[in-house]
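Inspection log for the structure reproduced underneath, given as structure tokens.
Quantities reported herein were computed from a predicted structural model and do not represent experimental measurements. Start at 1 and go down the list; that is how both ligands and their atoms are numbered.
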Amino acid sequence: MGVCIGGVMQMKETKNLSHYLGLADRLESERNLSDDEFYSVLTCDDQSFADYLTEKARAVRERIYGKDVYIRGLIEFTNYCKNNCSYCGIRGGNKNAERYRLSEEEIILCSNKGYELGFRTFVLQGGEDPYFTDERIVSIIRRIKENHPDAAVTLSIGEREKESYQRFFEAGADRYLLRHETADKAHYEMLHPANMSFEHRMQCLRDLRDIGYQVGCGMMVGSPYQTTGHLIKDLRFLQEFKPEMVGIGPFIPHHDTEYADCQPGSVEMTLCLLSVIRLLLPEVLLPATTALGTIDALGREKGIAAGANVVMPNLSPVNVRDKYLLYDNKICTGDEAAECVRCMSLRVSRMGYQVVENRGDHIRFTKD
Ligand code: SAM
Ligand code: FES
């Protein structure tokens with residue numbers, strides 16, 4: 001059983017507000033801070049500082065992406081998984097998870113419906129399910145791209161060999177999300193069984209980058225055993241790898257995992273990190289995640305206000321939604337796709353932003 005250190009403010013500092021505001025200014029102008037300074041930023045619990053950081057991140061995001069918010073249609077096509085990540089509700093070892101996989105036809109129907117609703121990116125996400133061989137994935141990508149040549153396909157199907165990633169790319173996949181989970185090897189090994197390798201996950205990210213994908217990595221905030229030092233290592237990794245997308249959301253416990261009684265990650269720390277990441281990587285595509293909306297009813301709005309520019313409404317058929325349960329109390333498990341889009345568009349427009357009907361590529365990958 002684990003000790004939960006996630007999301008805690010470990011030590012209070014007594015420096016005055018102007019010191020912290022100066023750090024935010026330097027983060028913006030230099031896109032860098034020392035480890036000690038990052039520590040100060042991540043552990044400061046002064047609301048005036050949080051507001052200042054948010055404003056800076058938001059201004060940077062608006063300078064690059066204006067008021068646009070990109071939507072991604074998430075198709076959670078299988079909850080079978082051969083892995084056993086200790087924190088994850090659909091890990092292979094969870095005998096209580098009710099398993100499902102969508103057929104190719106069902107996946108195509110989801111994407112067609114999504115296209116009608118205005119989606120121009122489809123995210124195919126699932127556990128590592130051996131049923132979905134390279135051939136099957138290639139066939140799905142080809143069909144989506146044939147039906148909708150102006151739409152992007154993002155894959156989020158875990159670790160495969162470089163040859164497989166290459167085949168998916170050649171079939172038309174544009175982007176790949178593979179959270180690194182934590183940039184600290186020892187921490188990675190605490191969260192994963194011995195047959196999963198930190199080096200392999202990192203190698204996968206490098207392979208994806210070499211092939212030419214828009215690559216997304218990221219981590220849970222407040223995962224078990226996580227310290228502020230781990231988060232600083234994550235930031236260093238992001239600075240060095242320079243991903244096109246960063247997916248971060250709070251860790252949320254699932255009742256059938258060994259971390260069932262752990263505290264979830266905090267909203268404040270997640271928002272702080274979203275702003276810091278926006279300032280470190282101004283052009284990054286940064287989602288306000290479902291997990292953030294799960295621990296706070298206005299979490300996604302707060303995420304957008306803190307610098308996020310992407311939301312990912314669910315396009316999966318309603319009858320499987322509650323089976324893709326990575327963590328407890330996941331939101332939007334009962335709403336039809338059209339309802340999710342309406343709801344998200346409304347939430348976004350109330351903030352003075354607008355959901356747009358385009359692929360929403362990273363600025364370096366825009367073709368015109
Ligand atoms: N199998 C693919 C992979 O490994 O990248 C994609 C699916 S996996 C469920 C997607 C992400 O969900 C993981 O990278 C992890 O960060 C997140 N996740 C899993 N369990 C979670 C939990 N209990 N709380 C918050 N996020 C979680
Ligand atoms: Fe495979 Fe979570 S353990 S998706």
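Among all protein heavy atoms, the one lying closest to atom 22 (C) of ligand 1 is Ile252 O, 3.5 Å. Among all non-hydrogen protein atoms, the one lying nearest atom 20 (N) of ligand 1 is Tyr87 CD1, 3.4 Å. In this structure, atom 17 (C) of ligand 1 lies nearest to the protein heavy atom Arg179 NH1, 3.9 Å. Among protein heavy atoms, atom 26 (N) of ligand 1 sits closest to Met220 SD, 3.4 Å. Nearest protein heavy-atom neighbour of atom 8 (S) of ligand 1: Tyr324 OH, 4.6 Å. The nearest protein atom to atom 16 (O) of ligand 1, hydrogens excluded, is given as Glu181 OE1, 2.8 Å; this is a heavy-atom distance. Here the heavy atom of the protein found nearest to atom 12 (O) of ligand 1 is Leu326 CD1, 3.5 Å.
Between Leu53 and Leu271, every side-chain heavy-atom pair lies at or beyond the 4.5 Å cut-off. The shortest distance between side-chain heavy atoms of Val310 and Val69 does not fall below 4.5 Å. You'll find the side chain of Tyr80 stays beyond 4.5 Å of the side chain of Glu128, heavy atoms only.
Taking the charged nitrogens against the carboxylate oxygens, Arg58 and Glu62 do have a contact shorter than 4.0 Å, which makes a salt bridge. At a threshold of 4.0 Å, the pair Glu199-Lys185 counts as salt-bridged, since one of the basic side-chain nitrogens sits closer than that to a carboxylate oxygen. Ionic pairing of Glu339 and Arg342 is present here: one or more N-O contacts between side-chain nitrogen and carboxylate oxygen are shorter than 4.0 angstrom.
If you number the atoms of ligand 1 from 1 as listed, the ones under 4.0 Å from a heavy atom of Ser156 come out as 2 (C), 6 (C).
At a cut-off of 3.5 Å, with distance as the only test, no side-chain donor of Gln214 or Asp174 sits close to an acceptor on the other residue.
Between the choices Lys330, Arg201, Arg91, Gln125, the shortest heavy-atom distance to atom 4 (O) of ligand 1 belongs to Arg201. Heavy-atom proximity to atom 2 (C) of ligand 1, evaluated over Ser86, Gly126, Gly127, Cys81, is greatest for Gly126. Distances from atom 25 (C) of ligand 1 to the heavy atoms of Cys217, Pro250, Gly249, Ala291 put Pro250 nearest.
Note on residues 277-296: pairs passing salt bridge (Lys or Arg N to Asp or Glu O under 4.0 Å), not counting sequence neighbours, are Asp296-Lys302.
Under a hydrophobic clustering in which Ile, Leu, Val, Met, Phe, Trp and Tyr are joined whenever their side-chain heavy atoms come within less than 4.5 Å, directly or via other members, Val221 and Leu298 fall into different clusters. Following chains of ILVMFWY side-chain contacts shorter than 4.5 Å, one cannot reach Val318 starting from Val341, and the two form parts of different hydrophobic clusters.
Listed by chain and number, the protein atoms of type N/O/S under 2.8 Å from atom 2 (Fe) of ligand 2 are Cys88 SG; waters are omitted.
For the pair Ile90 and Cys81, the tightest heavy-atom approach, listed with the atom from each and the gap, is O-CB, 3.7 Å.
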